[in-house]
Number of protein chains: 2
Amino acid sequence: MKHYKSHFYALICLFFATNALFVSCNQNTGISGTSLPARIENGMIVFDEPHRAAGQQSMLQFAADPIPVVRVGFVGLGMRGPDAVERFCHIDGTSVVALCDKYEDRAVACQKILSGAGRPEAAVYSGNEGYKELCERDDIDLVYICTNWQMHVPVALYALEHGKHVAIEVPSATTIEDCWKLVDASERNRKHCMILENCCYDFFEMTALNMAQHGVFGEILHVEGAYIHNLEPFWKHYADNWRLEYNQQHDGDQYSTHGYGPDCQVLDIHRGDKLNYLVSMSTKSVNGKKRAKEIMNTEEFAQGDHICTLVKTEKGKTISIQHNTFSYRPYNRLYQITGSDGFANKYPSEGFTFKPDNLGDQADGQVPDIENLNIHGFAPADVVAKMKEIYRHPFEKEIGMTAKEIGGHGGMDYIMDWRLVYCLHNGLPLDIDVYDTAEWSCMGELTETSIRNNSMPVKVPDFTRGDWDKLDGLKFHFVNEQ
Amino acid sequence: MKHYKSHFYALICLFFATNALFVSCNQNTGISGTSLPARIENGMIVFDEPHRAAGQQSMLQFAADPIPVVRVGFVGLGMRGPDAVERFCHIDGTSVVALCDKYEDRAVACQKILSGAGRPEAAVYSGNEGYKELCERDDIDLVYICTNWQMHVPVALYALEHGKHVAIEVPSATTIEDCWKLVDASERNRKHCMILENCCYDFFEMTALNMAQHGVFGEILHVEGAYIHNLEPFWKHYADNWRLEYNQQHDGDQYSTHGYGPDCQVLDIHRGDKLNYLVSMSTKSVNGKKRAKEIMNTEEFAQGDHICTLVKTEKGKTISIQHNTFSYRPYNRLYQITGSDGFANKYPSEGFTFKPDNLGDQADGQVPDIENLNIHGFAPADVVAKMKEIYRHPFEKEIGMTAKEIGGHGGMDYIMDWRLVYCLHNGLPLDIDVYDTAEWSCMGELTETSIRNNSMPVKVPDFTRGDWDKLDGLKFHFVNEQ
């Protein structure tokens, strides 16, 4: 009896020891330092994905009731905000109701923009919490947010919870957790939440997108984007050095949306395809450290000077995104499409490759002269000009001239705001929905997580929670559309 | 007694079950389908690395005794070989002793090249094993290999084991296992084993490398390369469709060395820095499948149309390499350097960015006019011309004119062969050693492995087995050097 008894107790100890080892074997796969819990599953880092609360519904294709006059409150009037106020003064059917900035003088300064355009004065709010009073007003439809990155989400959430649509500068959120908060707040309150990615509305991008949607490039396979812009002359212009400080604390591509937005549009992300996972890699920091030393007198700098990211989609497409705000090299806001039948590129120079077959029959019977078409090189200027004419985007046809006059990065800012107002006014789905907002903004934390884990793949959440293939491609809405 | 006895046996079962789970938890980390065993360690795929055999020594900086007349045997006379025979006819101090091809007529055809240059006939070998007899000759110093990829290593190993130096077309090996075999055979027999990466000798690449080595770009941070070349007109010219067939069976970047070689040189790989790991991603196959259907009448095609790879080094640098032999877009053999103080780019157009400080004092007192230097844009043509003049590579100064006359991709092929002969003749270390050969060639299997595992990071072996930081940068050797 004793024999079995002692062996029994010995085995109990062994059993628990083995189980402890087994459990720790699995617990070692947890990732630290993330905004939501994340772990390694089958060699990939996966973040927790919150379930949709009961009663909440998808915002896919959501359209609000038409708004006769879009009444806007602006929060954040430092670098980008005042230009937005100016642009709205040139969009009919809008009313600038309120101006808010942490620093009162910045809000007050924008009154001149209004009066200069013959518009009435707006209410002014200031201080750290001024945005709350603004959001609590009952005479505002849209809160337009151009604060520093860290205030994007607090302001947006407060606005959404108070029944306001929101438009948020880029990136709209800086963590996965905040991306989900925006999605859930938008769904819960059934209010729009749009990322103000102006590059989707630049002329080359719109034309190329239109060509892509008409099959000119065949099946889209690989797209590229980049934000390569040495910000050395600009760091000090951000209040309290907020932008440099954020880069000091975070590696990863914290400013990916200028390339990423247009790229996701051309790939019909959550409108037929889905971002599956990404891998990211950064160099050491050399100039970042120098700037931090000069401006903030610190030795540490997290963000590598040059960052590369690759993303894989469900349908087998890839996206390449680069980021560099520190090196001495020409500005490059790369936008590039490689399809099975053609190619489009912007930066360092614009160019297209077309196959003769894909120029096809045009509705109006016009086709370019394909005599000199080189399918292994850039199409000649006359062919490009003709193709640009044939595939001029409806937005450009409608408002391109006005946009170029009013300006804002050559006009794209104006087109972006104009489309936002148009869709709100006419009760149409916006061009950019909250799922785009989350998808394009989540790159910051996802890339940083990959970089901090030897560039391991990181799953990109499906913010639509399963509806990524419900729509048949990206469509822009118009009054009286077919 | 019964009580403890039954619990005891129950516990034994539980104990083994738990252990089985624990062991399987660890055994699931093996990777299948690789040339050498590979497993996941801490989220990274690691291939076995064979130990150096006793008596074998490093080939770092190896120099053979000077060779008065370099006697060459050519194996593989299909696409690249005959041009090489032609080039050697224009290099003094060489003798073409033997010509070998699987197909006898191809070898015989090259006799005309010799006679046309006033050189004596060579011995001819043919058939599947003709190369063996060639390698067994005692009057050959160098075996120059331009066979299909699959024969590169068998021929090279046989040559090395028979005491011959080898020069091998790209990629020199297609698997990790074969890369190690080349390294070990070179070390064991103390014979050179050089990858014939001609792009290292192209004029822009040599000039940019020279600038980089003189600090013009500051600290090199990020380099890029690409082989984007639609081979649609060429697939059928490879005997028995060997190249298309290889791509049909293998995903990953199987042809990375044109960008990768020059990039590794500018980063002093295994001469101060080390490749640590890579991640790779490919698109679906669309045009690859079409070509395979047309040419080989098959439905399957493994290689994605477009492939992107990112590599991280020990010193915190990154490399980006792309591959696309199927899409309709301009030829792009990208070569790009981003440094802390400057930039160089080739394709789609050449350009540089220089900082005034880095133009510095030149040995001969010449400096370009920096009046119009834009550190955020491309340097003007006159500055570039001056800088190219100041930093013209010694190779170009020595042999550039001749190279352009004799040709071979504009001259780079000639300079490559000329340097090889020069170093053999003078008993100097070659520009490219067996570790370069292995490092640049291992990309094929490493990228395929990453792609097949959701782009997980894959460790790049240190083929020098610990000597990667023994040398102080890449140096080219000359007679009478300081």
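Lettering of chains follows the sequences in order, A, B, ..., and the numbering in each one begins at 1.
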Top residue by heavy-atom pair count (under 4.5 Å) with chain A, among [options]?
options: B/Ser450, B/Ala379, B/Ser282, B/Ser285; value: B/Ser282
options: B/Val311, B/Asn332, B/Leu278, B/Asn42; value: B/Val311
options: B/Asn345, B/Ile307, B/Thr353; value: B/Thr353
options: B/Gly316, B/Pro330, B/Gly377; value: B/Pro330

[X] versus chain B, heavy atoms under 4.5 Å apart: side chain, backbone, both or neither?
X: A/Ser340; value: both
X: A/Met44; value: side chain
X: A/Asn230; value: both
X: A/Asp305; value: side chain

Look only at the side chain of A/Thr318 and the backbone of A/His222, and say whether a donor-acceptor pair between them is shorter than 3.5 Å. no
Does A/Ile269 offer a backbone N or O that forms a donor-acceptor pair with the side chain of A/Asp273 under 3.5 Å? no
Electrostatic pair B/Lys290-B/Glu294, nearest N-O below 4.0 angstrom: no
Cationic N near anionic O, under 4.0 Å, B/Lys289 to B/Glu300: no
For each of [options], tally heavy-atom pairs with chain B at distances under 4.5 Å, and name the one with the top tally.
options: A/Thr338, A/Asn324, A/Leu310; value: A/Leu310
options: A/Ala344, A/Pro233, A/Cys308, A/Gly339; value: A/Cys308
options: A/Glu232, A/His376, A/Lys312; value: A/His376
options: A/Ser455, A/Gly342, A/Gly43; value: A/Ser455

Side chains of A/Thr447 and A/Ser280, donor plus acceptor under 3.5 Å: no
Looking only at non-hydrogen atoms, find the nearest pair between A/Gln303 and A/Asp251 and report the distance.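 Nearest pair, atom of A/Gln303 first, then A/Asp251: CA-OD1, 3.6 Å.
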Do A/Lys355 and B/Tyr328 meet the cation-pi criteria used here (NZ or CZ under 6.0 Å from the six-membered ring centre, within 45° of the axis)? yes
A/Phe326/A/His306 aromatic ring centres below 6.0 Å: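 So the answer is no for these two rings.
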